[in-house]
Amino acid sequence: MADRRPELEEREMPRAKRPRVDDRDPASNPYLAHMYENNGNGNGGYNGVARTGLSDFKRHETTAAQAHTAEDGPNNPFNNTPLSKQYFNILKTRRDLPVHKQRQEFLDMFHKTQILVFVGETGSGKTTQIPQFVLFDDLPHFNGKLVACTQPRRVAAMSVAQRVANEMDVKLGEEIGYSIRFEDVTGPKTVLKYMTDGMLLREAMHDHNLARYSCIILDEAHERTLATDILMGLLKEVALRRPDLKIVIMSATLDAQKFQRYFNDAPLLAVPGRTHPVEIFYTPEPERDYVEAALRTVLQIHATEPEGDILLFLTGEEEIEDACRKISLEADEMIREADAGPLKVYPLYGTLPPQQQQRIFEPAPPPSRPGGPPGRKVIVGTNIAETSLTIDGIVYVVDPGFSKQKVYNPRIRVESLLVSPISKASAQQRAGRAGRTRPGKCFRLYTEAAFKKELIEQTYPEILRSNLANTVLELKKLGIDDLTLMRALEELNYLACLDDDGNLTQLGKLASEFPLDPALAVMLISSPEFYCSNEILSLTALLSVPQVFVRPASAKKRADQMKDLFKHEDGDHLTMLNVYHAFKGAEAQADPKRWCHEHFLSLRALQSADNVRQQLKRIMEKSEIDLLSTDFNDKEYYTNIRRALVAGFFMQVAKKDGSGKTYKTVKDDQSVLLHPSTVLAVDSEWVVYNEFVLTTKNYVRTVSSVKPEWLLDIAPNYYDLTTFKKGDVRTALERTLDRVKRKQSTKRSK
DNA sequence: GAGCACTGC
């Protein structure tokens with residue numbers, strides 16, 4: 001990343017002058033010996049290392065007992081300052097954690113092997129303790145390197161880093177830091193860095209050998225995020241080039257054998273967790289209506305089970321709000337008629353404002369009279385409650401077995417959200433939520449046979465775990481054109497990011513610098529040609545964040561009126577740009593919170609767009625892409641912006657079909673309607689769209705009107721009329737071409 | 001005249 005550069009150079013330069021370090025035999029290493037002797041005299045040593053409890057540690061030869069002694073103080077082995085009372089208090093609890101018993105076993109394995117798989121169930125302490133075990137043995141600061149520990153989520157990276165900083169009695173951002181998008185809390189002293197997996201992946205783009213790191217710990221590998229999967233593929237190759245790099249793959253589930261196999265039978269260490277047993281119940285017969293069955297189960301738990309809160313998993317906002325209403329109603333009746341305890345119901349989903357999300361942590365209501373039936377809280381949530389948010393006090397989990405998942409249909413090239421059965425791994429994760437504080441129960445609203453036979457093991461497809469190039473080749477050899485992959489390659493080829501041989505082009509290289517979808521990146525990179533890169537920069541940021549328009553069910557009309565204030569008749573893109581410009585205006589900036597509220601706009605989304613814009617701007621400056629604007633009074637101001645849209649989204653164009661309201665997509669001839677939220681009038685003949693949504697009907701959303709001659713002019717390869725498939729679109733474009741030619745010839749003859 | 005599960009750069 002651009003803003004990371006200076007620090008990288010500072011780290012790299014002195015190292016280049018140093019003698020080569022043989023990591024496997026530090027005792028025989030003249031450089032390390034030199035460090036041990038010079039007690040922090042400033043001769044290349046790290047901050048008083050030699051004076052601390054680590055000075056006689058031999059890298060990759062340490063023992064648990066040695067680390068134990070160093071941890072006992074009295075001074076902090078990493079900065080030689082006296083350790084606090086709080087430190088010793090935490091130390092005691094840390095030594096009770098299950099992983100602690102196997103510290104020596106871990107070290108033995110860590111010494112012997114380059115790659116190691118570590119399985120620790122929830123509550124084992126793996127995320128906080130293993131990186132510290134590594135730190136005391138890998139001693140990254142002796143080599144001017146770092147230990148990295150990746151997390152799939154930003155909040156986890158931040159909160160775990162804070163926790164470990166407390167455990168090690170250091171200030172966050174010094175010896176222990178974290179790095180997430182838009183936030184780098186690390187410094188020159190940092191030895192252990194928690195970071196998001198995506199962040200490490202970005203760094204790897206510029207540092208192919210991950211040279212800054214002496215050890216990389218991939219945590220929560222079982223979650224199989226795209227970034228973790230790609231990192232695993234990458235690390236497998238980096239390991240060959242860098243025999244000195246240690247790698248630890250950490251996972252929560254026992255099918256970690258898959259990871260072992262992937263890393264050439266890497267050794268595995270498993271540590272039990274500290275969770276309470278969860279009893280699983282299945283329904284004897286399949287349920288026809290899972291929402292109805294879920295409500296029944298929740299109410300039955302409330303009526304018959306002892307004290308303890310309930311967590312119900314449903315699939316989306318509407319379903320959850322509806323269920324909350326029904327549960328509250330039924331519970332009131334139970335209280336009146338059957339002397340049931342009070343029941344509080346809380347919804348929980350991602351788009352819920354943070355304050356409302358926080359309400360789930362309110363304590364359960366007390367019994368309505370002393371000695372009466374227990375009060376309870378019920379949380380009805382999406383799978384955000386599966387991994388992202390942990391709620392203590394949950395004793396009962398109700399799992400209907402469904403979640404909304406992104407499904408890509410390569411045939412019609414549409415991505416949509418579908419309610420689908422969850423995987424076994426998810427089901428286990430959900431059940432585990434019942435046993436965090438005491439033994440719990442999980443009610444699965446499907447049969448045991450269905451769990452065993454119908455649920456897939458893991459949610460992510462195998463393809464993400466394989467070397468893609470190889471997979472493509474194999475698929476081709478087998479005569480199978482994997483549609484998803486082939487279409488992706490084809491699109492990148494049309495966007496001129498890949499050449500006809502599948503190699504990365506200059507444009508492709510540049511596009512990969514941006515944390516954006518390729519079409520957005522290409523639009524942004526091309527925008528100076530249309531004299532509007534400042535505006536496209538804003539628009540790109542806006543298109544990369546959640547919806548800026550807020551439309552609460554209680555005030556739809558007023559929200560729409562406010563939106564009309566920003567309306568631009570040429571489409572939603574320009575309307576969004578108007579919003580952004582107004583938001584950056586003096587009036588709005590005086591009190592952004594109030595202004596957004598009054599105008600039914602999401603402050604969070606706009607601030608986030610601002611953040612993204614700044615980041616993209618830095619990358620543009622670094623890549624020397626000009627930032628320019630057409631004069632606002634020029635009549636081409638808005639036209640230029642719409643033309644720039646076509647440079648990235650020429651494949652997402654729809655043409656009006658006959659005289660009605662339907663449109664046909666250029667790409668696949670799909671019938672679509674303009675989404676009702678659009679500001680565009682239906683008389684636009686050609687539109688460019690940002691998104692295809694499949695709900696009750698096929699819609700294109702965030703649309704702007706464009707002219708057919710722009711398509712021919714800006715994307716001639718895609719709209720090559722000699723090869724373009726026959727049909728309505730081609731006929732219309734041919735007519736356009738004739739008209740343009742006629743105009744040119746009449747001009748010439750004049 | 002509609003509805004967006006969840007992450008991440």
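This structure is a prediction, so every number in the text was calculated from the model and none was measured. Letters A, B, ... mirror the listed sequences (proteins, then strands); counts begin at 1.
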Compare side-chain N and O positions of A:Ser677 against OP1 and OP2 of B:dG1 and report whether any pair is under 4.0 Å apart. no
Distance check: side-chain N/O of A:Arg181 vs OP1/OP2 of B:dT7, anything under 4.0 Å? no
Shortest non-hydrogen pair, A:Ala681 vs A:Leu674, comes out as O-CD1, 4.4 Å
Mind checking [X] for me? I need base, sugar-phosphate or nothing, with any heavy atom below 4.0 Å counting as a touch.
| X | answer |
| --- | --- |
| A:Ser403 | nothing |
| A:Lys661 | sugar-phosphate |
| A:Glu386 | nothing |
| A:Leu201 | nothing |
| A:Tyr349 | sugar-phosphate |

Integer-rounded Å distance: [N] [atom2] and [X] [atom1]:
| X | N | atom1 | atom2 | value |
| --- | --- | --- | --- | --- |
| A:Tyr194 | B:dG8 | OH | P | 17 Å |
| A:Phe182 | B:dG8 | CZ | P | 12 Å |
| A:Arg604 | B:dC4 | CZ | C1' | 13 Å |
| A:Asn383 | B:dT7 | CG | P | 9 Å |
| A:Leu516 | B:dC9 | CG | P | 13 Å |

Decide yes or no, distance alone: a donor-acceptor N/O pair under 3.5 angstrom between the base of B:dA2 and the side-chain of A:Arg701. no
Establish, yes or no, whether the cationic atom of A:Arg359 lies under 6.0 Å from the six-membered ring centre of A:Tyr346 and within 45° of the ring axis. no
Taking the cut-offs as 6.0 angstrom to the six-membered ring centre and 45 degrees off its axis, would you call A:Arg701 and A:Tyr689 a cation-pi pair? no
Minimum-distance nucleotide to [X] side chain [options: [options]]:
| X | options | value |
| --- | --- | --- |
| A:Pro676 | B:dC4, B:dC9, B:dG1 | B:dG1 |
| A:Lys404 | B:dA5, B:dC9, B:dA2 | B:dA5 |
| A:Tyr699 | B:dA5, B:dC4, B:dA2 | B:dA2 |
| A:Arg551 | B:dT7, B:dA2, B:dG8 | B:dA2 |

Counting the benzene-type ring for Trp, do A:Tyr699 and A:Phe692 have ring centres under 6.0 Å apart? no
Taking the nucleotide of DNA chain B with the closest heavy atom to each, which residue, A:Asp517 or A:Gly316, is nearer the 5' end? A:Gly316
Sequence-distant partners of A:Thr228, side-chain contact (heavy atoms from CB on, under 4.5 Å), two or more places apart: A:Asp197, A:Leu218, A:Ala221, A:Thr225, A:Met232
